[in-house]
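First comes the structure, then the notes that go with it.
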Amino acid sequence: MSFSLNEVEAMARKAARGAGFDWGVAEDAGRAVRWLCVQGIDGVAALCSVLGRAHPDTDCPLLLGCALSDRAAHLLKEPMRLEGVAQPVLLLPFIAMAARQTSQTLWVECDGAHAVTDGRGLAMTRPFVPKATYVEICVDGVLSAPRPHQSRAQPDAADWETLTGYAHRTYAPATEDSRLRGAGAGLSDND
Amino acid sequence: MVARRAPDTVMTLARLGSLHQSRLSFMRQLTRCMANEGWRFDRRVFDIDDGGVGHAVFTAHGPARAYSLVAFAHDLPPEMRSDRVIATAWDATFALFDGIPTQDDIDRLSRNVPLQEAGRVSEREISVSRANRSVRLWDHIVDALSRGQQPDPARLAEVGYLMRTTAVYGSGKLGAADREVIADRPEMQAPFQAEMLSVYLTRWFVRDLIEHMARARGGKIAVPLAPQSAQRLGIGNSTGLGMAPFLVTHPVLFNNWIMAREEAIARVRSLRDASVAEGDQFRAFFSRAALSVAAWKTEHPIQIAKLADLRRDVESLRTHLDSADLQSAAAWDRLMRWAETHLSLEGQEWLASLILEPYGALVDGLGACMADAATDAYVIDGAMTVRAAMQCLEDSFGWALKVDWAAPENCARAWYVSEEKLEPRLGERFEEPIAPFEQPLAPARDAAAAHALLRGWDADAPVADVLATHPAHRNAIRRAQITKFAPYGEIRSNTIGADLLPIDMLRAKLSFFGVTHFDPRSDRWVRVSMYAGAPYPSDLCIANADDWVYPEVSQ
């Protein structure tokens, strides 16, 4: 099925929250998955496999990604190296945030695969491995032949169902009381 | 130069809940734009049976692109008529199609749009919406017209619309096109232009539908609705809590709306003097706007009291204007200062919108600044020091730092989303098991918590260090940083207190759409009127594209 990017972002945010991340991290997760989908990369699948793990964990790409983006300015001084990253593809949107913050093109190496981003565009030599032994990021590279941008996402139906399940945990079970009071209606609309 | 009013003054819920439409409202921006560009409109399809079931297509042709309202009319049993999100059927359902739909498109939409949330649309659709009839007015008008008579004007005025929309979705909802798909189009640059266009065409459809129903019943005896009556009718809108979180979740966008209006007010207040013509224009708009206030009906005690205040304010202003010299130095600024001490918040904001009316050339350009193009506003600057972050929090949430957030009355409520059709609701934190499901819609409480945390840190440390171990405060720091360039982005009142009135949040947003006649049904539900007084598409021209919101004073 074809989803709008807003739907993808909203679903990813709610799912991350439902899986136990703080709302602030969940917001960044939503934007990260959206950014990947714009690049034509299945961010939904990547998020699915992250949410299924115990967390917080030291190799969580969402928390590592937030920290990386928060320390973007460090990249102007020296490269960053992360050891052991699950679903390292989810780091890319955060590296892109760092690229935009520093107005630099950033070069990424992940277990031998390479990527370059100026924050908006992305070029990759080959898909990142599901579990990286290392990811290295530095100011370098030229973005040639960036991936074409997509305006829709076509995630795998089972993955979408998985995210829906996590998102569902953010919804309060309906009670008759909340049905009547919570929305503040109760008046007839047949007037 | 008179400065913009301070965020501490503007951003309280009491004032935001007293805002009125203005020249910058999104409906008026749309009708101005369409008239200036000479848009054409046509009814391409009207395939509706005598029972009122079928579909229709109404197309608006702009200079570069066309947009079509694809409308589906249904036969709705009364017991299914609900304006709430939990409804599953409606009197009419709509999609705004990007271009002119083929039969295949219409077939596809006919299988999905009537289902609303349970259906799917595509990137070719920009908006999806639905509407319910005003049962009492609908039946009365069909009955009158079918017998060759015009409906009772008093009953038209009492309700003001034939149908009310109960949701107008855009921005990728239900699979529709994302905002980015249309954001670069000049005609869609201001916020919510697609949604406003959809509602404008819906009003046309509804008029045609009711005349069709009258003909179906009365045959040759039936008459069309008198143009003057039709023009006075708007489209209603029935809005609940779903709209309230939007203001909190879009701080940059909300800032841009408020900032544009505040800048417009400041520009007019900064004028050294008004010409005789401008003064006369203002007085004319005052008289017309006063008629609108006089016609405003509500049954809700809160709004009844506010309306009584506003009517008193209108009379105070009338008396004041009798002797006020609008050609004297800084007349508008003096008028606004007088209002601060003589009028209620309703009256102050009514006047603030009204002084913009003679100055389209000075303020209308600000409409272009109301969209949110700052796509990276959410990116946290982790290098900011703890000291600077605390300063941001104090600047925007100074009031919240003095609140005892542990006191039950200050956190009595919690926003949550119900499992049932994902309806946004507001609950009692200490009476219902909802706290684990709380939505992040209390930025003031969260700001106070973040500030308390930061007090224990080295003032020179970067906030990145704090967030690395305290990710729960990520949103509070993000929002604090946003307020550095978006000073009007945060509501400066408690959004979870026992005394919260969610209708204040609804009104703030709806006022920017340009709606009138706020009629709360409860503290969290409001009905309003859209496009009442506006010309129908076939009559739209530069002369009537803008001031239709004010009734004409009868000679």
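From a predicted model like this one, the values you see are computed outputs, not experimental measurements.
Considering only heavy-atom pairs separated by less than 4.5 Å from chain B, the leading option among H74(A), R17(A), Q101(A), R100(A) is R100(A). Taking chain A as the reference chain and counting heavy-atom pairs below 4.5 Å, the highest number among K173(B), R179(B), R133(B), Q439(B) is found for Q439(B). Here L174(B) is the residue among V181(B), L174(B), D139(B), D381(B) with the most heavy-atom pairs under 4.5 Å with chain A. Of all the listed residues (A468(B), P433(B), S82(B), A383(B)), the one sharing the greatest number of non-hydrogen pairs under 4.5 Å with chain A is S82(B). Highest contact tally toward chain A, considering only V85(B), V135(B), V159(B), is held by V135(B) [criterion: heavy-atom pairs under 4.5 Å]. Highest contact tally toward chain A, considering only D446(B), I434(B), V463(B), V379(B), is held by V379(B) [criterion: heavy-atom pairs under 4.5 Å]. Considering only heavy-atom pairs separated by less than 4.5 Å from chain B, the leading option among C66(A), A67(A), S2(A), G18(A) is C66(A). Interface check for chain A: of the options A464(B), G382(B), S418(B), P440(B), the most heavy-atom pairs under 4.5 Å are formed by P440(B).
Electrostatic pairing of R130(B) and D91(B) does not count as a salt bridge here, judged by no charged N lying under 4.0 Å from a carboxylate O. Salt bridge status for R474(B) with D28(A): present, with a side-chain N to carboxylate O gap under 4.0 Å. Checked for salt-bridge contact, E83(A) and R81(A) meet the test: a charged N lies under 4.0 Å from a carboxylate O. Checked for salt-bridge contact, E432(B) and R413(B) miss the test: no charged N lies under 4.0 Å from a carboxylate O. Checked for salt-bridge contact, R524(B) and D504(B) miss the test: no charged N lies under 4.0 Å from a carboxylate O. Under 4.0 Å is where a charged nitrogen must lie from a carboxylate oxygen, and between R120(B) and E7(A) at least one such pair does. The pair E158(B)-K297(B) fails the salt-bridge criterion, with no side-chain N (NZ, NE, NH1 or NH2) lying under 4.0 Å from an Asp/Glu carboxylate O.
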Stepwise side chain to side chain contact (heavy atoms under 4.5 Å, CB included) check, L106(A) with V116(A): CA-CA 6 Å; L106(A) 298 179; V116(A) 176; over 6 Å; no
Side chain to side chain contact (heavy atoms under 4.5 Å, CB included) evaluation trace for K14(A) with Y171(A): CA-CA 10 Å; K14(A) 286 190 279 187; Y171(A) 309 140; 3.0 Å; yes
Any chance you could lay out the side chain to side chain contact (heavy atoms under 4.5 Å, CB included) test for I95(A) and L75(A), step after step, and finish with the verdict? CA-CA 10 Å; I95(A) 294 169; L75(A) 284 165; 6.0 Å; no
Pair V248(B), M505(B) - check side chain to side chain contact (heavy atoms under 4.5 Å, CB included), show working. CA-CA 9 Å; V248(B) 180; M505(B) 300 164 83; 3.9 Å; yes
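Interface remark: A472(B) contributes backbone and side-chain atoms alike to the contact with chain A (heavy atom separation under 4.5 Å). With a 4.5 angstrom heavy-atom cutoff, R136(B) touches chain A via backbone and side-chain atoms both. If you measure heavy-atom distances from D22(A) to chain B, the contacts under 4.5 Å come from the side chain alone. Of the two parts of R169(A), only the backbone, made up of N, CA, C and O, holds a non-hydrogen atom closer than 4.5 Å to a non-hydrogen atom of chain B. Only the backbone of E438(B) comes within contact range of chain A, with at least one heavy atom under 4.5 Å from a heavy atom of that chain. Residue contact with chain A, scored on non-hydrogen atoms closer than 4.5 Å, involves the backbone of A176(B) exclusively. At a 4.5 Å heavy-atom cutoff, R479(B) makes no contact with chain A through either its backbone or its side chain. With a threshold of 4.5 angstrom between heavy atoms, D83(B) approaches chain A through its backbone and through its side chain. Of the atoms belonging to L467(B), it is side-chain heavy atoms, and not backbone ones, that fall under 4.5 Å from chain A. Heavy atoms closer than 4.5 Å to chain A are found in the side chain of E180(B), but not in its backbone. Contacts between R527(B) and chain A at a heavy-atom distance below 4.5 Å involve the side chain alone, from C-beta outward. I86(B) touches chain A through its side chain: at least one heavy atom from C-beta onward sits under 4.5 Å away, while N, CA, C and O do not. Only the side chain of R164(B) comes within contact range of chain A, with heavy atoms under 4.5 Å apart. With a threshold of 4.5 angstrom between heavy atoms, S122(B) approaches chain A through N, CA, C or O but not through any side-chain atom. Only the backbone of A177(B) comes within contact range of chain A, with heavy atoms under 4.5 Å apart. For L422(B), the part lying under 4.5 angstrom from a heavy atom of chain A is the side chain only. For H168(A), the part lying under 4.5 angstrom from a heavy atom of chain B is the side chain only.
In this pair, H473(B) and H470(B) present their aromatic rings tilted. The plane angle is within the 30 to 60° band.
Residues of residues 118-157 of chain A placed with any heavy atom under 4.5 Å of a heavy atom in chain B are listed by number as R120(A), S151(A), R152(A).
A side-chain donor-acceptor contact under 3.5 Å links T239(B) and N237(B).
T164(A) contributes a side-chain N or O that, together with a main-chain N or O of W160(A), makes up a donor-acceptor pair within less than 3.5 Å. In this structure a side-chain-to-backbone donor-acceptor pair under 3.5 Å is missing from W457(B) to D465(B). Judged purely by atom type and a 3.5 angstrom limit, R425(B) has no side-chain atom pairing as donor or acceptor with the backbone of V417(B).
Among I41(A), L5(A), T117(A), the one residue that satisfies the side chain to side chain contact (heavy atoms under 4.5 Å, CB included) test with W35(A) is T117(A).
With a 6.0 Å radius and a threshold of 12 heavy atoms from other residues, nucleotides or ligands, E299(B) has its CD atom at or below the threshold.
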